[in-house]
There are 2 protein chains.
Amino acid sequence: MAFKGQAEYSVDSKGRVAIPAKMRKSLAPAANETFTITRGFEDCIFLYPMDEWTDIEEEIDALNMYDREVRNFVRLIMRWASEVSLDGQGRISIPNSLIDFVELDGSALILGAFDHIEIWDPEQFDGYLNEQPDDYETLAESVMR
Amino acid sequence: MAFKGQAEYSVDSKGRVAIPAKMRKSLAPAANETFTITRGFEDCIFLYPMDEWTDIEEEIDALNMYDREVRNFVRLIMRWASEVSLDGQGRISIPNSLIDFVELDGSALILGAFDHIEIWDPEQFDGYLNEQPDDYETLAESVMR
DNA sequence: GGACGATTCCCCACATTTCCCCACGCGCCC
DNA sequence: GGGCGCGTGGGGAAATGTGGGGAATCGTCC
């Protein structure tokens, strides 16, 4: 039940974005139509269904908070995080802080990314693709071994 | 039910600060709407819900008080500590000593930091962020392995 | 020992924001 | 071609953050 596909949807004046119906169908019942939304890597937003996020929390819980680097990381990941649920129309509302952070204005690119969903500003994503030094085939060789 | 998110709220003339509703909902019933507030690491205030603080007390209890370093640490952490409870409006009042210590004036940044809540002076937090040598992605690579 | 003052605590009221519900139109699928 | 599902937009009600006031408590000074 992994998240697949992409779609470009509008972000309305209230910061709401629809989650594609196909991705909604990939949601485990245990997720209870609820996500944890937070800052992603490389200037995008991560959307973890509740059941997946629980695993991440367990990993964080196992860290040693008396380590300075751990505190830095925990502050960065948790300060952007919040819980969001689907409304009756299958949308979530993105916190203003995250909209500013990834510079969303008007439209958003929704990406299925296996265990989570990503939200990008379409232009930022174009820029990200162009920055990639390695092509698809080279990446596959080095990652999948 | 970890603490997530951030908010910038005002500190009124009586030293009161609201705790964001979302964080209040993450409070375990066992915490009984009560926190232990104390000096945090890196110039901020730590706010531990009562149930989490119990764990810390057990850790401290296990330390060897005949060790000079242990005594120094215990003095530092305990001398700033006190118990605070939420009022009818979901606020706590911060002891004057801690307000002076982190140089709060007028507004405070409330951070969810997994097992506790942090209170920063907004400018101090900006300075802290700028001091960070590593970016988010690098930190994640070194911490989460 | 009593009275005064300062401080703390609790309650009430307002303004803003957030959330939830309803309604419309396009497009896809049957 | 018709119906149903899906994405989009707006409005009303409840919850949230903010400020102030009054009563009880504590400590201090006379």
Side-chain angles (χ1 to χ4, degrees), chain A residues 3-27 32-37 45 47 50 79-100 104-112 117-122, chain B residues 3-27 32-37 45 47 50 81-100 104-112 117-122:
Chain A
F3 297 112
K4 303 187 253 298
Q6 68 172 341
E8 190 169 336
Y9 286 166
S10 66
V11 183
D12 67 18
S13 57
K14 296 182 179 176
R16 295 178 298 189
V17 185
I19 300 301
K22 290 185 179 174
M23 297 188 194
R24 293 204 300 262
K25 284 172 186 159
S26 302
L27 266 181
N32 199 24
E33 301 205 326
T34 303
F35 299 87
T36 293
I37 190 170
I45 295 173
L47 209 53
M50 200 207 260
R79 98 183 170 103
W80 297 100
S82 68
E83 276 199 0
V84 292
S85 294
L86 293 175
D87 67 7
Q89 282 63 43
R91 294 173 293 193
I92 57 159
S93 57
I94 307 178
N96 288 331
S97 54
L98 283 171
I99 290 186
D100 294 343
L104 283 183
D105 62 328
S107 67
L109 195 65
I110 323 286
L111 254 64
I117 295 171
E118 297 190 355
I119 300 176
W120 291 73
D121 176 72
Chain B
F3 296 112
K4 304 187 250 299
Q6 67 175 336
E8 190 169 337
Y9 286 167
S10 65
V11 183
D12 67 18
S13 55
K14 298 180 181 177
R16 296 178 298 186
V17 184
I19 301 300
K22 290 186 178 170
M23 297 186 195
R24 294 202 300 263
K25 284 174 185 157
S26 301
L27 266 182
N32 200 24
E33 301 204 326
T34 303
F35 299 87
T36 294
I37 190 171
I45 296 174
L47 210 52
M50 200 206 262
S82 66
E83 277 199 0
V84 292
S85 293
L86 292 175
D87 67 7
Q89 280 63 42
R91 295 174 291 195
I92 57 159
S93 55
I94 307 178
N96 288 330
S97 54
L98 283 170
I99 290 186
D100 294 343
L104 282 184
D105 63 328
S107 67
L109 195 65
I110 323 287
L111 252 65
I117 294 171
E118 298 188 354
I119 300 176
W120 291 72
D121 175 72

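All chains are named by letter (A, B, ...) in the order of the sequence lines, taking the proteins before the strands, and each is independently numbered beginning at 1.
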Using whole Å, what does the distance between atom [atom2] of nucleotide [N] and atom [atom1] of [X] come to?
X: Met23(A); N: dG7(D); atom1: CE; atom2: P; value: 10 Å
X: Asp87(A); N: dG10(D); atom1: CG; atom2: C1'; value: 13 Å
X: Arg91(B); N: dC10(C); atom1: CZ; atom2: C1'; value: 10 Å
X: Ile92(B); N: dT18(D); atom1: CD1; atom2: P; value: 13 Å
X: Tyr9(A); N: dC6(D); atom1: OH; atom2: P; value: 10 Å
X: Glu33(B); N: dC9(C); atom1: CD; atom2: C1'; value: 15 Å
X: Asn96(B); N: dT7(C); atom1: CG; atom2: P; value: 10 Å
X: Leu86(B); N: dT16(D); atom1: CG; atom2: C1'; value: 14 Å

Does the pair Leu27(A) and Leu86(A) meet the rule for a side-chain contact (heavy atoms from CB on, under 4.5 Å), with working shown? CA-CA 11 Å; Leu27(A) 266 181; Leu86(A) 293 175; 4.1 Å; yes
As a test of reading the structure: which of [options] is closest to the side chain of [X], going by heavy atoms?
X: Ala18(A); options: dG7(D), dC12(C), dG20(D); answer: dG7(D)
X: Asp12(B); options: dG19(D), dC9(C), dT16(D); answer: dG19(D)
X: Lys25(A); options: dC6(D), dC11(C), dG22(D); answer: dC6(D)

Which pair of heavy atoms, one from [X] and one from [Y], lies closest together, and at what distance?
X: Ser82(A); Y: Pro95(A); value: OG-CG, 3.5 Å
X: Leu109(A); Y: Glu8(A); value: CD1-CB, 4.1 Å
X: Ser107(A); Y: Asp121(A); value: O-OD1, 4.2 Å

Tell me whether the side-chain N/O atoms of Arg24(A) come closer than 4.0 Å to OP1 or OP2 in dG7(D). yes
dG9(D) phosphate, OP1 or OP2, under 4.0 Å from Ser10(A) side-chain N/O: yes
Taking the nucleotide of DNA chain D with the closest heavy atom to each, which residue, Ala21(B) or Lys14(B), is nearer the 5' end? Ala21(B)
Donor-acceptor pair under 3.5 Å, Gln89(A) side chain vs dC20(C) base: no
With hydrogens left out and only the distance checked, is there a donor-acceptor pair under 3.5 Å joining Arg16(B)'s side chain and the base of dG17(D)? no
Any donor-acceptor pair under 3.5 Å from Asn32(A) side chain to Thr34(A) backbone: no
